[in-house]
Amino acid sequence: MSVASKYDAIVIGAGHNGLTAAAYLGGAGLSTLVLERREIIGGCCVTEEIAPGCRASTTSYIASMLRPEVIRDLELASHGLRMVPCDPALQVPFPDGDVVPWWTDRARLLSELRKISVKDSETFVRVDDQLKKLARYLQPFFLEPPPELAADGLQGWWNLLRVGKRFRGITNSEIAQLVSFLTGSLGEFLDHNYESEKIKTLFLANNVYGKHGGPYDSGSALGLLFHLLSGGEHELQGFYGHVIGGMGSITQALAAAARRRGVEIRTSTAVARIDVRDGRVRGVVLEDGTEIAANTILSNADPKRTFLCLVEPKSLPEDFHRAVESIRMNGPCAKVNFVLAEEPRLNGMPRNASAAQRSLFTLVPSLEFAERCYDIAKFGDIPQQLWVDCVVASNVDDTLAPKGRHIMTCFVQYVPYFLRSGTWDENRELLGDRVVKKIAEYAPNVPHAIVARQVLTPLDLERTYGLTEGNIFHGDLALEQLFFMRPVPGWSQYRSPIAGLYLCGAGAHPGGGVTGAPGHNAAFQVLRDLRRRHRGATA
Ligand SMILES: Cc1cc2nc3c(=O)[nH]c(=O)nc-3n(C[C@H](O)[C@H](O)[C@H](O)COP(=O)(O)OP(=O)(O)OC[C@H]3O[C@@H](n4cnc5c(N)ncnc54)[C@H](O)[C@@H]3O)c2cc1C
């Protein structure tokens with residue numbers, strides 16, 4: 001066993017949040033080391049070769065909520081980050097051959113909606129304004145720790161004041177709307193406001209993304225607000241962006257920003273254990289037995305992996321341990337990536353459609369379909385009929401594949417981690433085949449154009465990317481696991497019961513997605529705590 005040098009801070013994991021945290025800590029002058037178990041950095045925000053010369057965003061594939069503050073503070077553009085807005089932001093083809101795009105320009109979108117229902121197009125303006133206004137109340141919470149439930153005295157008052165300030169000016173009816181968005185179902189909200197099934201489906205297409213629950217489950221309306229939090233360089237509400245070079249360009253830019261701030265990053269270096277003595281972290285022990293000392297450790301691994309695998313149970317209070325065990329994971333998504341010899345030719349796609357319009361389509365025909373799909377998955381079966389979100393990234397990014405090759409990534413909504421019968425190793429290709437079958441219903445040329453296929457089941461997401469039970473958000477984004485309940489009640493401010501150990505990944509507030517927010521917030525919490533300790537020591 002060899003003991004290496006000592007750092008001010010160690011970050012376990014080089015996902016985008018770990019790198020974000022490290023860059024801020026390095027910028028504040030802390031000697032910081034990032035340790036990543038995989039041979040590449042990026043976690044679930046990566047570009048990988050899936051066939052010779054062909055690269056894909058193997059896991060996350062659209063940047064929508066990357067915090068503008070992180071982009072600016074860490075000067076990611078100067079490190080090569082370039083995003084082009086998705087326009088349309090999303091698009092749904094229907095079995096009858098209609099293709100309905102959601103244009104980013106409101107007038108253009110309205111003219112599209114009017115073709116389907118004049119009444120719904122009018123409702124859209126009212127509801128969209130209302131949603132955008134409500135989302136603005138929530139926006140500031142993204143980049144700050146939630147109020148701590150257990151805080152009392154001065155801290156308790158400060159928390160109350162902080163929350164109160166954010167909601168200054170909110171009206172009674174807005175409070176009622178906010179509560180119904182937080183607790184209500186997307187399906188009921190849409191049924192109540194819209195008459196056209198197609199327009200309802202358009203809303204569905206990206207609003208229960210990656211989470212548990214069908215559109216009629218309570219809490220599913222929350223996605224409507226989440227996706228209106230502004231993102232991208234220009235702080236646009238409802239921004240969706242293709243990242244040139246794939247999502248890995250985000251983490252490459254973050255790594256470059258971190259290195260410029262003095263951060264050291266090591267890959268193929270898995271942490272086996274966090275060394276805890278007398279209730280405080282002392283460092284980490286690597287899988288090869290090497291010990292590295294640090295008084296501050298930030299874990300970018302998910303809460304279950306961090307507290308149930310890297311820390312000995314005796315170091316944690318029993319109730320905390322139990323709360324972490326109860327965090328809901330269990331899938332519920334998969335990803336299938338393709339290299340194609342020709343572009344998908346979607347039934348009903350206008351002849352003059354731009355490359356950007358041809359670059360994305362979501363295959364989910366109705367709310368009822370989605371609800372049934374979740375019901376099947378929740379009992380441990382792989383639905384015959386899948387909900388598939390397709391992005392043909394090579395249409396807007398010629399850096400991904402040579403001429404004549406096309407990259408299509410497909411996100412599959414609602415598959416279980418725990419299968420009722422069989423294993424994912426036995427069912428991997430079956431899942432891939434069902435995805436191809438679904439796509440062929442809308443783009444019949446695809447099956448014969450497949451040059452390479454990569455199927456990532458929830459088990460593969462766990463094995464390869466380190467996501468416990470394959471959960472893409474390090475814990476479901478349900479109300480009972482959000483805000484001051486994330487990762488577990490009483491510990492929402494990035495700290496843990498072990499002094500010096502912090503959580504900096506998607507399992508912490510505000511949750512999953514490529515945002516950089518948990519990493520940013522955790523770093524600032526560490527810096528505040530260090531300043532406090534320093535003041536205490538010099539007083
Ligand atoms: C299939 C899929 C599709 C998605 N699509 C989108 C999308 O389009 N848009 C979007 O915004 N979000 C999307 N997401 C969600 C988003 O990618 C994640 O929520 C986010 O990237 C999590 O980032 P993170 O940095 O917190 O954690 P991760 O990216 O999970 O990084 C954690 C890192 O820690 C490392 N690690 C774990 N344990 C150890 C250890 N013991 N030692 C060393 N290193 C360790 C892991 O290898 C990993 O690199 C998707 C995710 C998946 C999986």
Side-chain angles (χ1 to χ4, degrees), residues 10-22 33-46 56-67 86 206 209-211 226-227 231 239-243 246-248 250-251 254 265-274 284-287 297-306 309-311 331-337 360 389 391 393 409-413 415 454 456-458 460-468 470-475 477 503-508 510-520 522:
I10 291 175
V11 179
I12 303 173
H16 84 283
N17 277 313
L19 293 168
T20 300
L33 171 67
V34 180
L35 301 169
E36 168 55 48
R37 54 186 266 287
R38 287 196 77 198
E39 64 288 0
I40 56 165
I41 61 152
C44 307
C45 186
V46 277
S57 297
T58 41
T59 48
S60 62
Y61 53 105
I62 293 286
S64 63
M65 294 188 296
L66 184 59
R67 303 322 303 146
C86 301
N206 71 340
Y209 184 92
K211 70 189 288 302
F226 234 76
H227 280 108
F239 173 83
Y240 290 86
H242 295 283
V243 179
M247 294 293 282
I250 295 179
T251 37
L254 284 167
I265 302 171
R266 292 188 209 163
T267 52
S268 304
T269 311
V271 171
R273 192 164 61 77
I274 297 170
V284 296
V285 182
L286 304 183
E287 276 186 353
I297 311 259
L298 294 84
S299 177
N300 185 195
D302 66 55
K304 287 203 175 187
R305 192 171 275 260
T306 302
C309 304
L310 300 181
V311 172
C333 314
K335 186 93 188 292
V336 183
N337 302 310
L360 44 79
D389 186 31
V391 171
T409 66
C410 301
F411 184 76
V412 186
Q413 178 92 6
V415 285
Q454 177 197 41
L456 297 172
T457 69
D460 299 317
L461 294 178
E462 178 173 71
R463 282 179 183 155
T464 307
Y465 300 94
L467 299 168
T468 301
N471 191 283
I472 73 168
F473 295 142
H474 292 198
L477 295 185
L503 206 59
C504 70
V514 178
T515 65
H520 167 281

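Each ligand, and each atom within it, is numbered from 1 in the order the structure gives. Heavy-atom basis, side chains included; hydrogens, waters and symmetry copies ignored. For this chain, numbers begin at 1 and follow the sequence in order. From a predicted model like this one, the values you see are computed outputs, not experimental measurements.
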Derivation of the side chain to side chain contact (heavy atoms under 4.5 Å, CB included) call for N471 and D302: CA-CA 9 Å; N471 191 283; D302 66 55; over 6 Å; no

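The two residues T409 and A56 come nearest to each other via the heavy atoms CG2-CB, 4.2 Å. In this structure, A522 and C504 approach most closely via the heavy-atom pair CB-CB, 3.5 Å.
The shortest N/O to N/O separation between G18 and ligand 1 does not fall below 3.5 Å. Ligand 1 has no nitrogen or oxygen under 3.5 angstrom from a nitrogen or oxygen of R305. Backbone and side-chain nitrogen or oxygen atoms of H474 are examined, and one is located within less than 3.5 angstrom of a nitrogen or oxygen of ligand 1. When only interatomic distances are considered, the shortest N/O to N/O separation between N300 and ligand 1 falls below 3.5 Å. Inclusion of C44 in the set of residues having an N or O under 3.5 Å from an N or O of ligand 1 is warranted. Any N or O atom pair closer than 3.5 Å counts here, and L310 shares no such pair with ligand 1. The N/O atoms of I12, backbone and side chain alike, include none that comes under 3.5 Å of an N/O atom in ligand 1. Inclusion of Y209 in the set of residues having an N or O under 3.5 Å from an N or O of ligand 1 is warranted. Where the criterion is an N or O separation shorter than 3.5 Å, residue side chain and backbone included, L467 fails it with respect to ligand 1. Taking only nitrogen or oxygen atoms, main chain and side chain alike, A270 does not reach within less than 3.5 Å of ligand 1.
Atoms of ligand 1 lying under 4.0 Å from any heavy atom of G512, numbered from 1 in the order shown and given with element: 19 (O). Of all the atoms in ligand 1, the ones that sit under 4.0 Å from a non-hydrogen atom of G43 are 29 (O), 31 (O), 48 (C), 49 (O). The contact set between ligand 1 and A301, taken as ligand atoms under 4.0 Å from a residue heavy atom, comprises 37 (C), 38 (N). Within the listing of ligand 1, atoms 43 (C), 44 (N) sit less than 4.0 angstrom from a heavy atom of L35. The distance from ligand 1 to the heavy atoms of A506 drops below 4.0 Å at these ligand atoms: 22 (C), 26 (O). The distance from ligand 1 to the heavy atoms of F473 drops below 4.0 Å at these ligand atoms: 15 (C), 19 (O). Per-residue contacts place G505 under 4.0 angstrom from the following atoms of ligand 1 (heavy atoms of the residue considered): 26 (O).
Of the possible polar contacts, none joining the H16 side chain to the C45 backbone as a donor-acceptor pair under 3.5 Å is found. Remark: the backbone N or O of A301 is paired with a side-chain donor or acceptor of T306 at under 3.5 angstrom. N300 places a side-chain N or O within donor-acceptor distance of the main-chain N or O of G15, the cut-off being under 3.5 Å. Between the Q413 side chain and the G210 main chain, a donor and an acceptor come within less than 3.5 Å of each other. The backbone N or O of T468 sits nowhere less than 3.5 Å from a side-chain atom of K304 that would complete a donor-acceptor pair.
At a 4.0 Å cut-off, not a single heavy atom of G466 sits close enough to ligand 1 to count as contact. Within the 4.0 Å heavy-atom shell around ligand 1 one does not find M65.
Rounding to the nearest 0.5 Å places OG1 of T58 at 6.5 Å from CG of L456. Note that OG1 of T251 is 10.0 Å distant from CD of E36, once rounded to the nearest 0.5 Å. With rounding to the nearest 0.5 angstrom, the OG atom of S64 is 8.5 Å from the CZ atom of F239.
In F411, the part holding a heavy atom less than 4.0 Å from any atom of ligand 1 is the side chain.
Counting protein heavy atoms only, atom 39 (C) of ligand 1 is closest to R37 CD, 3.5 Å. Of the protein's non-hydrogen atoms, N17 N, 2.9 Å is the one closest to atom 25 (O) of ligand 1. Protein heavy atom closest to atom 48 (C) of ligand 1, with residue, atom name and distance, is E36 OE1, 3.5 Å. Atom 2 (C) of ligand 1 has as its closest protein heavy atom T59 C, 3.6 Å. Among all protein heavy atoms, the one lying closest to atom 20 (C) of ligand 1 is H16 CE1, 3.7 Å. What sits closest to atom 11 (O) of ligand 1 on the protein, heavy atoms only, is V514 N, 2.8 Å. Among all protein heavy atoms, the one lying closest to atom 42 (N) of ligand 1 is V271 N, 3.0 Å.
No hydrogens or angles considered: a donor-acceptor pair under 3.5 Å links the side chains of T457 and D460.
In this structure, Y61 and N337 have side chains that are not in contact, with every pair of non-hydrogen atoms separated by 4.5 Å or more. At a threshold of 4.5 Å between non-hydrogen side-chain atoms, the residues L19 and I41 count as touching. Counting heavy atoms from C-beta outward, L286 and L35 have side chains that approach closer than 4.5 Å. Put simply, the side chain of R273 does not reach to within 4.5 Å of the side chain of V284, judged on heavy atoms.
Taking the six-membered ring for Trp and thresholds of 30 and 60 degrees, F411 and Y209 have nearly parallel ring planes, at less than 30 degrees apart.
If you check each of S60, S64, C410 against atom 13 (C) of ligand 1, the one with the closest non-hydrogen atom is S60. Between atom 9 (N) of ligand 1 and the options I62, V284, V336, T269, the minimum heavy-atom separation is to I62. Comparing T267, T58, I472 against atom 53 (C) of ligand 1, the shortest heavy-atom distance belongs to I472. Looking at G513, A63, A517, A334, it is G513 that brings a heavy atom closest to atom 12 (N) of ligand 1. Between atom 31 (O) of ligand 1 and the options S57, G15, G13, the minimum heavy-atom separation is to G15.
Residues passing the salt bridge (Lys or Arg N to Asp or Glu O under 4.0 Å) test with R305: none are found, sequence neighbours excluded.
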